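As the structure lists them, so they are numbered: ligands from 1, and atoms in each ligand from 1. Everything numeric in this text was worked out from a predicted model, so none of it was measured.
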Amino acid sequence: VAADGQVTPGPRTRASPGRLVIASNRGPTEFFWQEGAWQTRPATSALTIMLEPLVRDSETAWYCCAPEPPEAVGARGMLSAAARRSGSSLDIVPVPVAEKTYDAYYGRVANEVLWMLQHDTLRAAADGSLDLDAELREAWTAGYERANTQVAAAIAASVTGAAAFLVHDYHLYLLPRLLRRTFDEVPILHYTHIPFPSASTLRRLPLRWWRRILLGLLGADVVGFQVESDARAFLECCASLDRTSVDSNEMTVQTTDRRRVRVRAFPASVDPAELRRTMRSSGTARARRQLAGYWTGPTIVRVDRLDPSKNQVTGFEAFSKLLEQRRDLRGRVRFLAFLVPSRTGLGRYEGYRRSLYETVQAINERFAGAYVQPPIEVFYVNDRELALVAMESCDVLLANSIADGMNLVAKEWAVVSKKPGALVVSERAGVSREAAGAALPVSPFDLMGTASALGRALDMTPEERAVRLTRFRRRIESWTARDWLRAQLDELQVRPGAVPAAEMRGDGPGGDRIGMDG
Ligand code: F6P
C-alpha cells in the first residue's frame, strides 16, 4: 500500500470465508523500526487485553497500523517477516502508515481531538468554539482520512472473504464505509470503546469531520457501543444527517442506500477465568514479592493510563482533603498509583504529567511530618502483574474518570480483590451502572464528595465490603468478555470458522454504495 493509499494487488489469501477479520489501530503486537530493522513487542491496551485471548485459538486475521519512518519504506518484506516472527498464533497484518501520516491521524486527530472531545476534556474557548488550526485541519485529510483509506486498501488487497469484519474504535470511524465498497456481502460491525458524544458536542467539530464520522460508521451493519446512553447519543447524532431516518424504538438507522443499520450496546467485560489464571502465574508471584512491604496500613490504589480523562490530579487532591479532614487517617493511609505511560509524545499529556507530579510532591511535602514513607507513591510503569497484585491487596480502588466508556480496571479489581476491598467509581464511567449498589459513586468534578467517599470506603467493615464486592463480582461472572464478543457475533448472525457469511445473512447483499464525499 503506497502512501497515497494506492494498492499493488498482492496475494489475496489473508482470510477465508469463515474467518474473522479484526481491524484496530493497535493490534496485539506493536511494530517499531529500530536500528535498521522492524522489531516487535506485545502491545497492551484495554482493547487487546480483552479481545486477543478470545480469538487467540480461532482463525482470525488482525489488521493494525505500523508507523513507518521514511528509511523503512523499502523494507515492507521485513515488516511482514517481523509479523510472522512475532510468535502470535493470530495472523497479524501490520499496515505500514507513513510516520507523518500516522502522527497526524493517531496523535493529532484521534488523540488530541476525538479522544478529548469524547471524554469531555477538549479545551475550548470561553464561547465553546474550537480553535482547530490549519495544521489540524490538514491532519484530518492527510492523516485521519488517509490512514483509514490505507487500512481499507490493505484489507481489500489481501482478503478474499470473511465471516465478518470487526472494526474497533475512534481511530477507524471511516473504515466500515470504505470496506462496504469492496465487501458488500460481508457483515461489518464497528465497536466504539469510549463514550460517544451528544449531537451538540459532536457538532463542535468541522462539518466535514462529523458528517464523515457518522457516514463512516453507518457503513457497518451493526454499530456497537459500551452502554445504551452511548448508542442513544449516536442515534441522536444520526438524526441530523440528511436523507437518513432514525427509529429510536428499534434503535436502527435507515441509510440513503436503504440499509437498516442496527445500533446496539455491548458492555465490555473481563474474562474472570483468564484473570484467575494470571493471578496464579510466576509474573504475579514476582509482583507479590515486590509489593510485600507495602501493606502495612490502609491503602488506596488506582490503576490507569496517565491521561487527563482519568482525572488523577483530582483524585490526589481529594486524598489530600481527606487527610486534612481526618486526623485519624494521617500517617496511616497511603495512596499507591500505578500509572501507565501513555501518548508521551503529545504536549497535552506531557503537561498533565508535569502537573500531576507537582501535585503529588506538594501533598507529600505537606503531610511529610506524619509519615515514614511518602503518603502518595507513583509507579510510572506498564506492569500489568504489579497493578493486578496491588488491586488484589488494596482497601480501596479509586477510578474517578471524567468520562470512561466502561473502565475495565474496576471489573478486574472485582475479580481479583482479596482483602476484600471497596470501590469508589466515577458516575460518568460506563461501569457505574453495573457497579450500582456495590461501589460508592462519585462525581469526577466533586473534590469534597470524592474525599468523603474515600473516607467512607476506608471505614467500611469487612462484612459490608464483602457483600458489595460479591454483588459486583456475580454481575461480572454473568456477563464476561466472552459474552461481549458472542453477543456481537449473534447480532451479525455469524459463527466464525463454520459458516460463510453469505449463507448466514438473512438480508442479502447491501444496496447502492455511498461515495466518500457524501
Ligand atoms: O479504551 C479504548 C482504547 O482503545 C483502549 O484500548 C486503550 O486503552 C486506549 O483506548 C488506546 O490507547 P493507545 O492510544 O495507547 O492505543
Side-chain angles (χ1 to χ4, degrees), residues 22-32 41-55 62-67 92 94-95 97 102-121 143-144 147 151 166-173 175 190-197 224-227 230 266-271 302-312 338-350 352-353 380-382 384 387 399 401-412 426 428-431 481 484-485:
I22 296 174
S24 62
N25 172 61
R26 199 187 284 284
T29 301
E30 205 170 316
F31 297 85
F32 58 101
R41 62 182 158 228
T44 48
S45 73
L47 188 164
T48 55
I49 290 171
M50 175 170 55
L51 189 52
E52 194 271 342
L54 305 180
V55 295
W62 192 323
Y63 287 72
C64 53
C65 297
I92 296 174
V95 180
V97 176
Y102 189 84
D103 289 347
Y105 140 78
Y106 171 76
R108 303 232 58 198
V109 176
N111 287 334
E112 282 186 349
V113 182
L114 300 179
W115 175 274
M116 297 298 167
L117 181 90
Q118 295 186 230
H119 288 90
D120 239 354
T121 44
Y144 195 81
V151 176
L166 303 180
V167 182
H168 286 272
D169 240 346
Y170 57 102
H171 313 92
L172 299 176
Y173 280 146
L175 188 58
H190 184 284
Y191 187 83
T192 303
H193 293 251
I194 65 175
F196 204 79
F225 297 96
Q226 293 276 14
V227 290
D230 295 321
F266 305 102
S269 193
V270 294
D271 183 341
R302 75 172 309 138
V303 174
D304 25 39
R305 283 182 308 101
L306 201 159
D307 189 302
S309 74
K310 300 296 180 185
N311 208 19
Q312 284 116 349
F338 295 80
L339 306 184
V340 176
S342 183
R343 306 171 192 168
T344 46
L346 300 179
R348 181 79 190 273
Y349 283 77
E350 182 44 33
Y352 191 69
R353 194 176 77 87
Y380 185 52
V381 63
N382 185 4
R384 180 161 161 75
S401 332
I402 288 176
D404 230 329
M406 176 54 63
N407 196 303
L408 290 176
V409 168
K411 291 191 174 184
E412 288 179 335
S426 166
R428 301 186 82 219
V431 73
W484 168 79
L485 181 62

for atom 10 (O) of ligand 1, nearest protein heavy atom and its distance come out as W115 CZ3, 3.6 Å

Which protein heavy atom lies closest to atom 15 (O) of ligand 1, and at what distance to 0.1 Å? R26 NH2, 2.8 Å

Looking only at protein heavy atoms, what sits closest to atom 6 (O) of ligand 1 is L47 N, 2.9 Å

Mutual orientation of the aromatic rings belonging to H193 and Y191 [parallel < 30°, tilted 30-60°, perpendicular > 60°]: perpendicular

Between atom CG of L47 and atom CZ of R26, what is the distance when rounded to the nearest 0.5 Å? 10.0 Å

Would you say the ring centers of Y349 and W115 fall short of 6.0 Å from each other? no

Residue, atom and distance of the protein heavy atom nearest atom 4 (O) of ligand 1 read D169 OD2, 2.6 Å

Heavy atom to atom 12 (O) of ligand 1, shortest distance: which of H193, H171, R343 holds it? R343

First locate atom OH of Y102, then atom NE2 of H171, and finally report the distance between them rounded to the nearest 0.5 Å. 7.0 Å

In Å and rounded to the nearest 0.5 Å, what is the CD to CG distance from E412 to D271? 11.0 Å

At less than 4.0 angstrom from any non-hydrogen atom of Y106, what atoms of ligand 1 do you find? 13 (P), 14 (O), 15 (O), 16 (O)

Would you mind listing which atoms of ligand 1 come within a distance below 4.0 Å of any non-hydrogen atom of A46? 5 (C), 6 (O), 7 (C), 8 (O)

For the residue pair Y173 and F196, does the interplanar ring angle fall in the parallel (under 30°), tilted (30 to 60°) or perpendicular (over 60°) class? perpendicular

Under 4.0 Å from any heavy atom of R305, which atoms of ligand 1 are there? 8 (O)

Once you round to the nearest 0.5 Å, how far does OG1 of T29 lie from CZ of R41? 11.0 Å

H168 near ligand 1 by a heavy-atom separation under 4.0 Å: no

